[in-house]
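Okay, structure first, notes after.
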Amino acid sequence: MGSPAAIVFLPFDGHAGRMSSARRVEQLTIMNDAPIGVFDSGVGGLSVLREIRALLPSEELLYVADSAAAPYGDRSEAFIRQRVEVIGDFLTGLGVKMIVVACNTATAIGVELLRAKHSIPIVAMEPAVKPAAALSRSRIIGVLATSRTLASERFARLADAFGRDARVILQPCPGFVELVERGETDSPRAFDLVKQHVSPLVRQGADTLVLGCTHYPFLLPVIKEVVGPQVTVLDASLPVARRVQSILQSERLLAEREGPGTEHFWTSGDPQRVAPVIAKLWGRDVEVEPLSPQYSVPADTAGG
Ligand code: DGL
């Protein structure tokens, strides 16, 4: 299957005034029943997709795991921008009514570009620094994210706006994304790596941790085991899903189909390798399709 057969999207053509009202209603319904496109550097964005699914059972959800390019955190800004643009083109080509950038790194580097290029709503990630600052009693917050996210201007503005009266400790976590990409979320190696990156934050007095990468919620049971019950761990997947819901409501774009929506998965990596990992994290077997060559990671930029 190249694209979901059931999805038909007729864009508004500016001649609505001349259409019969029945035709207008039909177009509106098609727009409402258009899918939502969600993407990440790999499987991490499934942590956001599952919250969207839980809140919006009737929506058709398209998910792209850019696995051939993961981890974005190790890539140049130019490379990440290019991937964001290409995947945005792929999803809009399928007629999505909204794009969710389920990746903090892609948000930090590329969301403006996506918003400038497309007129549909674009929902993006924001590490939960604001709620963490409101919750922390010790006034010491640890933010776990990729180095790219932590070094971005976007993150600096967020930390400046909401982390003023708290000490915000920034913690890059090399290796976490790779663990989740392998579906290795509860191994002794995962425990050791989490301990190595997270324990120092608790030793420095952090009582609230922010998961600023969408892969990290899949390590939450291990993180909780390492930090213990006294430390609060926040991530932004549910708030982002709520934002998706509230925009669809206010734009009157909620799906109107009867019955549940389905999910469709693509990857720029090897579907044979990615499908079992998605199945493990998503909780059921899934079909994963390869992105066609025009949307794949070009071999000459593979190290970008
Ligand atoms: N899930 C991505 C994020 O939220 C992971 C980044 C990466 O691929 O390095 O930042």
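Reckoned from all heavy atoms, side chains included, excluding hydrogens, waters and symmetry mates. As the structure is a prediction and not an experimental result, all values here were calculated from the model.
- Residues forming a side-chain contact (heavy atoms from CB on, under 4.5 Å) with Ala106 (at least two apart in sequence, or on another chain): Phe39, Tyr72, Val84, Val101, Cys103.
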Quick one: side chains of residues 235-242, donor-acceptor pairs under 3.5 Å with protein atoms, not counting sequence neighbours, listed by atom name and distance.
unit_1: Asp235; atom_1: OD1; unit_2: Ser237; atom_2: N; d: 2.8
unit_1: Asp235; atom_1: OD1; unit_2: Ser237; atom_2: OG; d: 2.5

Under 3.5 Å, side-chain donor or acceptor atoms of residues 167-180 against the rest of the protein: list the pairs with distances, not counting sequence neighbours.
unit_1: Arg167; atom_1: NH2; unit_2: Gln204; atom_2: OE1; d: 3.0
unit_1: Glu178; atom_1: OE1; unit_2: Gly175; atom_2: N; d: 3.4

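- Judged as a side-chain contact (heavy atoms from CB on, under 4.5 Å), and not counting sequence neighbours, the contacts of Asp270 are Gln272, Arg273.
- In this structure Arg164 satisfies the side-chain contact (heavy atoms from CB on, under 4.5 Å) test together with Asp160, sequence neighbours excluded.
- For Arg81, the side-chain hydrogen bond (donor to acceptor under 3.5 Å, both in side chains) partners at least two apart in sequence or on another chain are Glu77.
- Qualifying side-chain hydrogen bond (donor to acceptor under 3.5 Å, both in side chains) partners for Ser199, counting only residues two or more places apart in sequence or in other chains: none.
- Without hydrogens or angle criteria, Arg148 side chain to Ala151 main chain gives no donor-acceptor distance under 3.5 Å.
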Show me the donor-acceptor pairs within less than 3.5 Å that the side chains of residues 213-222 make with the rest of the protein, sequence neighbours left out.
unit_1: Thr214; atom_1: OG1; unit_2: Ala102; atom_2: O; d: 2.8
unit_1: His215; atom_1: NE2; unit_2: Gly44; atom_2: N; d: 3.3
unit_1: His215; atom_1: NE2; unit_2: Glu181; atom_2: OE2; d: 2.6

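- Every side-chain hydrogen bond (donor to acceptor under 3.5 Å, both in side chains) that Glu85 has, sequence neighbours left out, goes to Lys117.
- No salt bridge links Glu126 with Arg243; every basic N to acidic carboxylate O contact stays at or beyond 4.0 Å.
- Qualifying side-chain hydrogen bond (donor to acceptor under 3.5 Å, both in side chains) partners for Arg50, counting only residues two or more places apart in sequence or in other chains: none.
- The side-chain contact (heavy atoms from CB on, under 4.5 Å) test applied to Glu251 returns Ile247, Leu253, not counting sequence neighbours.
- Phe162 is linked by a ring-ring contact (aromatic ring centres under 6.0 Å, His included) to nothing, counting only residues two or more places apart in sequence or in another chain.
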